[in-house]
Amino acid sequence: MTSKLQVDNLEGRTTKGSITVTGECSGSSTNLQQGLCKAWTIYQGSASTPAPLGSLNVASITDNSAGNHSANFTNNMNDVNYAVANAAITNHCGDNDHYTNYSMITTSDNSHSQADCTRVNHAVFGDLA
């Protein structure tokens with residue numbers, strides 16, 4: 001028999017904004033909010049006006065120069081101490097400066113010169129403001 005839990009809101013019983021979840025193997029636990037991706041986007045870096053093809057908490061992409069873009073958050077991060085994971089098709093992709101309202105993404109070609117690329121994936125993990 002299967003069960004189904006339907007809720008619109010989850011909140012911790014002892015601490016409203018904190019829910020602990022048991023880990024997969026060792027019985028250790030993790031904080032649910034800390035483990036969630038807070039912003040992500042997929043966009044075409046080579047487009048004349050880059051725009052999210054899909055996103056969560058990313059309002060727009062700013063084209064700063066060749067191979068240099070900013071993912072502008074809908075809801076700001078709490079501080080600049082967040083983690084970023086990037087990937088790009090056919091190019092190298094890196095993390096650049098962090099700001100509370102956007103994060104910068106750089107892409108480069110195989111000779112490590114900054115260059116736009118076809119598709120960029122960008123994910124942000126940390127605390128929302």
Side-chain angles (χ1 to χ4, degrees):
M1 180 173 164
T2 60
S3 318
K4 185 179 197 180
L5 175 65
Q6 293 180 301
V7 297
D8 291 325
N9 260 328
L10 291 174
E11 68 179 47
R13 189 170 47 134
T14 54
T15 305
K16 186 175 182 174
S18 181
I19 296 174
T20 302
V21 179
T22 302
E24 296 80 13
C25 298
S26 66
S28 62
S29 61
T30 186
N31 183 286
L32 178 64
Q33 291 86 342
Q34 285 289 311
L36 298 175
C37 181
K38 300 308 183 342
W40 65 263
T41 187
I42 299 169
Y43 68 95
Q44 289 184 305
S46 58
S48 58
T49 305
L53 300 171
S55 68
L56 169 74
N57 196 28
V58 173
S60 63
I61 304 295
T62 300
D63 188 354
N64 301 312
S65 62
N68 185 328
H69 300 104
S70 299
N72 303 299
F73 302 136
T74 305
N75 298 295
N76 289 352
M77 300 300 291
N78 187 54
D79 55 39
V80 298
N81 299 313
Y82 51 84
V84 172
N86 292 316
I89 294 177
T90 69
N91 289 51
H92 302 281
C93 197
D95 178 23
N96 208 326
D97 294 335
H98 292 187
Y99 300 89
T100 57
N101 59 332
Y102 68 94
S103 60
M104 295 185 73
I105 305 147
T106 56
T107 56
S108 59
D109 58 22
N110 287 331
S111 64
H112 301 287
S113 297
Q114 277 192 260
D116 288 336
C117 68
T118 307
R119 195 171 181 107
V120 179
N121 302 291
H122 179 69
V124 178
F125 299 86
D127 295 329
L128 290 173

Hey, what do you get for [atom1] ([X]) to [atom2] ([Y]), rounding to the nearest 0.5 Å?
X	Y	atom1	atom2	value
D116	N68	CG	CG	9.5 Å
T100	N81	OG1	CG	11.5 Å
N101	T74	CG	OG1	11.5 Å
N9	K16	CG	NZ	8.5 Å

Task: By side-chain hydrogen bond (donor to acceptor under 3.5 Å, both in side chains) - contacts of N31 (at least two apart) - done: S18
Could you list the donor-acceptor pairs under 3.5 angstrom formed by side chains in residues 39-47, with sequence neighbours left out?
unit_1	atom_1	unit_2	atom_2	d
T41	OG1	G54	O	3.2
Y43	OH	H69	ND1	3.3

State, yes or no, whether a side-chain contact exists between [X] and [Y] at a heavy-atom distance under 4.5 Å.
X	Y	value
Q114	T107	no
T106	H92	no
Q34	D127	yes
V120	I61	no
S70	Y99	no

[X] side-chain N/O to [Y] backbone N/O, donor-acceptor pair under 3.5 Å:
X	Y	answer
N72	S60	yes
N121	N86	no
K38	Q33	yes

Task: Least distance between heavy atoms, C93 atom then I105 atom - done: SG-CG2, 3.8 Å
Open item on the list: Looking at every non-hydrogen atom in both residues, tell me the closest pair between Y102 and Y82 and how far apart they are.
Closed with: O-OH, 3.2 Å
Open item on the list: When you group the ILVMFWY residues by side-chain heavy-atom contacts below 4.5 Å and let the links chain together, are L128 and V124 in the same group?
Closed with: yes
Can I get a per-line list of side-chain donor-acceptor pairs under 3.5 Å for residues 1-8, giving both atom names and the distance, sequence neighbours left out?
none

